[in-house]
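In what follows, every heavy atom counts, from backbone to side chain, and hydrogens, waters and symmetry copies are set aside. These numbers were taken from a predicted model, which means no experiment stands behind them. Counting starts at 1 for both ligands and their atoms, following the listed order.
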Amino acid sequence: MFNTLQSRLWFTYIFLISMMLCIIGGSIFLVVYRGNVPLLQASSALQTLRLAALPRLNSASDFEPETLQNMLTNNSASLLQGRIVILTTDGEVVADSSVDQKPDLPDFKGAPQVTEIGELPILYRDSGRRAWYYIIDALNDDLLVFFAVNRPRLQIVAIFRDQYLGPLMRTGLIALLVAFILSTLMSRWISAPLRRISREARQVVDGQAHPIPPEGPEEVQQLAVAFNDMAHQVQTSQQSQKDFVANVSHELKTPLTSIQGFSRAILDGTVETKQQLIEAAEVIDSEAGRMSRLVQDLLTLAKMDAGTSAFEMTSLNINILLEIIRRKFTPLTEAAGINLHTAICQEPALVMGDADSLMQVFDNLMDNALKFTPEGGQITLSSNITPEEVEIHVVDTGEGISPEEQKRIFERFYQVDKARTGGKFRGYGLGLSISLKIVESHKGTLSVTSQPGEGSHFVVKLPLQK
Ligand code: ADP
């Protein structure tokens with residue numbers, strides 16, 4: 001519950017909102033505390049005091065100390081807990097509203113100065129460290145009146161509670177509500193595609209996964225794209241595994257049925273003459289040979305897939321291998337009524353490679369050319385050297401391969417027309433995939449270009465030995 005994206009977002013928002021409210025509340029508190037509210041209150045108290053006292057003092061019959069002292073006794077200063085003192089212009093006390101002479105007078109630093117109009121009251125501290133504000137007015141040319149009031153103690157908590165707490169709480173609640181909506185939307189935005197990915201991931205094993213549309217934040221979209229790629233690869237590999245097993249069983253079934261049929265015929269005496277017996281034995285031999293070739297090819301592929309095929313890499317001259325191939329195929333092409341043309345380059349083409357495997361590649365390409373070229377056609381085996389590579393070309397004037405088929409002929413068990421390439425020499429559609437694997441293991445490339453009806457052109461490129 002607390003581990004979900006939504007709850008995490010929600011708690012983060014609550015934390016942030018609380019932090020913000022605390023900071024704002026704290027700042028307001030400080031502003032109120034440090035603000036000029038006490039000064040304004042003191043100003044107005046001093047004004048009140050002044051307005052109440054000055055006209056009365058001005059109306060005095062004389063300005064004798066006793067008269068003034070009498071006027072100051074029982075005046076509003078005591079009500080306001082302030083003090084009114086009548087001073088000479090030198091600062092001598094003439095009359096005082098305070099019996100105990102509290103608060104102490106400030107240090108005027110010389111003669112007391114009349115507070116100008118618009119000037120703010122002056123703050124000072126008495127001997128008990130209490131803060132006071134005062135102003136000084138002129139009563140006449142010789143006398144000054146000093147008014148002092150206590151700096152009002154602010155009920156900051158009360159002010160804060162009455163004025164600011166309510167709005168702050170309301171703002172906090174609205175922010176929490178917005179945060180809840182936002183966190184819900186945000187977590188849905190992120191987690192909905194993630195949930196879909198995890199749901200589809202479970203289906204991958206059964207081969208049932210569907211492509212996921214890229215939704216949500218950029219990172220999640222990238223994950224969806226990567227997941228789609230992965231699911232596609234898994235499905236392709238599962239499918240090719242199934243196809244592989246189906247193909248192997250299919251390819252084994254035909255020769256096995258044939259072998260079984262002929263051996264039964266021998267056993268139950270259907271085969272009567274020696275001639276029939278020889279023919280049956282020949283079929284059994286040829287089918288067993290085909291099966292053995294298939295098993296051999298499969299083993300080669302399995303070893304290369306597992307990376308355990310033991311290539312014996314030596315420095316070898318490709319031209320010598322091509323010469324051996326030429327010798328092998330000369331009588332075969334002659335027998336098939338096909339013209340074999342060879343143009344092997346003169347310079348030695350040295351590569352690091354496994355001679356047997358590379359021979360298998362050239363043999364397969366030549367074998368295919370022979371199989372798919374009709375009588376009267378031509379096969380050209382040539383090589384040339386570039387600064388980096390040696391290129392081996394096998395060109396025939398056979399039936400060719402359509403562009404769609406060209407992409408697929410390197411797949412395992414793929415044959416353009418299974419029924420066509422007949423006879424006991426019929427392949428399994430494994431030759432080119434094995435050849436491609438071998439060439440790639442030598443860091444080379446194997447490619448084809450072809451015009452249906454005109455012939456095919458296979459090129460092997462191998463890096464030259466440095
Ligand atoms: P196979 O052993 O059946 O020949 P390959 O893997 O060598 O298997 O070839 C796969 C398929 O590619 C062949 O069945 C054939 O249809 C096509 N192919 C290969 N080489 C040629 C070629 N030279 N001309 C026409 N088709 C070819």
Side-chain angles (χ1 to χ4, degrees), residues 240 243-244 246-255 286-287 289-302 304-305 322 325-326 328-329 332-333 336-342 356-382 391-441 444-460:
S240 71
D243 291 350
F244 187 77
N247 279 320
V248 172
S249 359
H250 175 78
E251 294 296 349
L252 284 174
K253 212 170 125 197
T254 322
S286 129
E287 293 296 347
R290 268 176 59 75
M291 274 172 56
S292 152
R293 281 205 307 280
L294 171 63
V295 171
Q296 194 55 48
D297 282 355
L298 289 175
L299 271 176
T300 311
L301 272 174
M304 282 196 285
D305 282 348
L322 296 182
I325 291 286
R326 187 187 69 80
K328 177 182 170 186
F329 279 89
L332 298 175
T333 45
I338 295 168
N339 177 27
L340 175 63
H341 175 70
T342 47
D356 285 347
S357 306
L358 289 176
M359 278 294 276
Q360 194 181 342
V361 173
F362 305 138
D363 192 80
N364 177 247
L365 295 180
M366 287 296 287
D367 192 49
N368 280 346
L370 187 63
K371 266 196 297 195
F372 297 105
T373 306
E375 201 177 343
Q378 173 163 309
I379 298 174
T380 308
L381 172 65
S382 62
E391 294 179 355
I392 301 100
H393 301 261
V394 177
V395 185
D396 65 57
T397 57
E399 56 203 57
I401 310 158
S402 70
E404 304 82 63
E405 309 289 350
Q406 285 171 33
K407 289 182 207 134
R408 304 204 53 195
I409 53 173
F410 296 100
E411 288 173 18
R412 290 172 189 188
F413 289 106
Y414 189 80
Q415 292 176 309
V416 173
D417 181 356
K418 286 207 180 238
R420 186 182 58 180
T421 57
K424 57 181 180 176
F425 301 112
R426 187 170 72 80
Y428 291 104
L430 289 174
L432 283 179
S433 44
I434 293 177
S435 299
L436 182 66
K437 276 262 174 194
I438 294 174
V439 173
E440 283 177 347
S441 305
T445 56
L446 168 58
S447 57
V448 63
T449 46
S450 175
Q451 277 296 331
E454 287 182 21
S456 311
H457 182 169
F458 284 85
V459 188
V460 178

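- By the criterion of a heavy-atom distance under 4.0 Å, the side chain of Lys371, and not its backbone, is placed next to ligand 1.
- Ring to ring, Phe244 and Phe413 are close: their centroids are under 6.0 angstrom apart.
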For Val460 and Thr445: C-alpha separation, side-chain torsions, deciding distance, then whether side chain to side chain contact (heavy atoms under 4.5 Å, CB included) applies. CA-CA 6 Å; Val460 178; Thr445 56; over 6 Å; no
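- Atoms of ligand 1 lying under 4.0 Å from any heavy atom of Leu430, numbered from 1 in the order shown and given with element: 6 (O), 8 (O).
- Residues Arg408 and Glu411 are paired through a salt bridge, judged by an N-O separation under 4.0 Å between the basic side chain and the carboxylate.
- Heavy-atom proximity to Gly429, at under 4.0 Å, picks out these atoms of ligand 1: 1 (P), 2 (O), 3 (O), 6 (O), 8 (O).
- Considering only heavy atoms from C-beta on, Leu381 stays 4.5 Å or farther from His341 through its side chain.
- Residues satisfying the side chain to side chain donor-acceptor pair (under 3.5 Å) criterion with Gln378, sequence neighbours excluded, are Asn339, Thr380.
- When each of Leu446, Val459, Ile392, Ile325 is paired with Leu365, the side-chain contact (heavy atoms from CB on, under 4.5 Å) condition holds for Leu446 and for no other.
- Ligand 1 has a nitrogen or oxygen under 3.5 angstrom from a nitrogen or oxygen of Gly431.
- Some N or O of Gln415 is nearer than 3.5 Å to an N or O of ligand 1, by distance alone.
- Checked for salt-bridge contact, Asp305 and Arg412 meet the test: a charged N lies under 4.0 Å from a carboxylate O.
- Neither the backbone nor the side chain of Phe410 has any atom closer than 4.0 Å to an atom of ligand 1 (non-hydrogen atoms only).
- By the 4.0 Å heavy-atom criterion, Ser456 is counted among the residues contacting ligand 1.
- Atoms of ligand 1 found under 4.0 Å from any heavy atom of Tyr414, numbered from 1 in the order shown, are 10 (C), 11 (C).
- When only interatomic distances are considered, the shortest N/O to N/O separation between Phe458 and ligand 1 does not fall below 3.5 Å.
- At under 3.5 Å, a nitrogen or oxygen of Asp396, whether backbone or side chain, sits near a nitrogen or oxygen of ligand 1.
- The CD1 atom of Ile401 lies 4.0 Å from the CZ atom of Phe458; values are rounded to the nearest 0.5 Å.
- Residue contacts with ligand 1 for Leu365 are absent, since no atom lies close enough (heavy atoms, distance under 4.0 Å).
- His393 pairs by the ring pair (Phe, Tyr, Trp, His ring centres under 6.0 Å) definition with His457, not counting sequence neighbours.
- At a heavy-atom distance under 4.0 Å, only side-chain atoms of Ile401, from C-beta outward, approach ligand 1.
- Contacts between Asn364 and ligand 1 below 4.0 angstrom, taking non-hydrogen atoms only, involve the side chain exclusively.
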